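This structure is a prediction, so every number in the text was calculated from the model and none was measured.
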Amino acid sequence: MADAWMPGTRCIRAETDGGQLGGGAPRVVWLTLGADPRVVSAWSVAQRLNQENRPPHLVWDPLTGDVAQLLPIVRAGCALGTPEHLDYAPDRLPHPLPEVNHEGRLCVQIGVLASPREPFTCYQMIGLSEILDWLDSWRIPRRWPAGAPAPYRHATRPRSRALWAQGGHFGVSQVPDCDSIGPGGIDIDQLTGRDTIDRELAEPPVTDSPAIRLGPRTAQVVAAVG
């Protein structure tokens, strides 16, 4: 049974989401939030993103392993196409929400406390295996159709809709209709595993999709379990 809420995370539930997800290949988008994990916590960043109505699904601190979940995986996030850093002019709110937030039967948005200038795969990446196990349970293939995301100074490369349609893992700099430059030149072998880059997990039949367990997470803030 697949959990809509990642086991072991702290729930800081957003008051808004991106709505119903569309059909198509499932995907994961990795984005950096321009936040230094040595200065701010995953909890404070998650609360701020909620207040500004631009929640991703997860906020992850790769130095401590802290993970906050803002949205269930079965709802669309609101981070794609919005400013990818925390410090910006508040008068830019509200943000138009590009359709890419809704595309795919899943479109999991993972905000990492890091900067595109300093790839977070250089960190210890504590808690990564638990995140990947959860994504695997939803049969999201560990492939990178667009290859490794571009380094910080070269992140204006064309963004292919054909590659996006294949599903899998992407950096936000590879997402159509977005002008974000993160997560920078991350090492995708370190992130999802050299032996699994091209491995595809079987798509579940339409008539026999994984059972969804929403769980009892209805409070605004739920303490970490486990």
| All side-chain contact (heavy atoms from CB on, under 4.5 Å) counterparts of Gln166, not counting sequence neighbours | Arg143, Pro145, Leu163

| request: Test side-chain contact (heavy atoms from CB on, under 4.5 Å) on Glu84 and Val172 and set out the steps. | output: CA-CA 9 Å; Glu84 61 186 317; Val172 70; 3.9 Å; yes

| message | Is the shortest side-chain heavy-atom distance between Val108 and Val29 below 4.5 Å? | response | no

| note | With sequence neighbours left out, the residues meeting salt bridge (charged side-chain N to carboxylate O under 4.0 Å, His left out) with Arg161 are Glu103, Asp177

| query | Minimum heavy-atom separation for Gly81 to Pro98, with atom names? | reply | CA-CG, 3.8 Å

| Of all residues at least two apart in sequence or in a different chain, which pass the salt bridge (charged side-chain N to carboxylate O under 4.0 Å, His left out) check with Asp17? | Arg75

| request: Go through the steps for Trp30 and Trp60 under the test side-chain contact (heavy atoms from CB on, under 4.5 Å), then give the verdict. | output: CA-CA 10 Å; Trp30 298 86; Trp60 173 43; 3.9 Å; yes

| Test log, rule side-chain contact (heavy atoms from CB on, under 4.5 Å), inputs Ile131 and Leu58 | CA-CA 9 Å; Ile131 294 173; Leu58 301 182; 4.3 Å; yes

| field | Distance in Å, Ser137 OG paired with Met6 CE, rounded so as to fall on 0.5 Å steps | value | 9.5 Å

| task | Quick one: list whatever passes side chain to side chain donor-acceptor pair (under 3.5 Å) with Ser41, sequence neighbours left out. | result | Ser44

| Taking all atoms of both residues into account, what is the closest heavy-atom pair of Trp144 and Gly171, and its distance? | CZ3-N, 3.8 Å

| message | Can you list everything that forms a side-chain contact (heavy atoms from CB on, under 4.5 Å) with Ala114? Sequence neighbours excluded, please. | response | Thr32, Val112, Phe120, Tyr123

| said: Do Val40 and Ile126 sit in one hydrophobic cluster, given that two such residues count as connected whenever their side-chain heavy atoms are within less than 4.5 Å of each other, even indirectly? | reply: no

| said: Holding to salt bridge (charged side-chain N to carboxylate O under 4.0 Å, His left out), I want the full list of residues that pass it with Glu118, two or more places apart in sequence or in another chain. | reply: Arg38

| query | Which atoms form the tightest heavy-atom contact between Trp43 and Val67, and what is the distance? | reply | CZ3-O, 3.4 Å

| Test side-chain contact (heavy atoms from CB on, under 4.5 Å) applied to Arg10 and Gln69, step by step | CA-CA 6 Å; Arg10 180 176 177 178; Gln69 185 164 359; over 6 Å; no

| query | What distance separates Glu52 CD from Thr82 OG1, expressed to the nearest 0.5 Å? | reply | 9.0 Å

| said: Can you confirm whether or not the ring centre of Trp164 sits under 6.0 Å from the ring centre of Phe170? | reply: yes

| said: If we check side chain to side chain contact (heavy atoms under 4.5 Å, CB included) with Leu106, which of these qualifies: Ile73, Leu135, Val28? | reply: Ile73

| message | Working to the nearest 0.5 angstrom, can you tell me the gap between Arg48 CZ and Ile12 CD1? | response | 14.5 Å

| Any residue meeting side-chain contact (heavy atoms from CB on, under 4.5 Å) with Thr121, in chain and number order, not counting sequence neighbours | Pro119, Met125, Ile186, Asp187, Gln190, Leu191

| note | Output for pair (Cys107 SG, His102 NE2), nearest 0.5 Å, gives 9.5 Å

| said: Run the side-chain contact (heavy atoms from CB on, under 4.5 Å) test against Ala79 and tell me which residues pass, sequence neighbours left out. | reply: Leu31, Pro56, Gln109

| Rounded to the nearest 0.5 Å, how far apart are CD of Glu99 and CG of Leu97? | 7.5 Å

| query | What's the spacing between Asn50 CG and Asn53 CG if we round to 0.5 Å? | reply | 8.5 Å

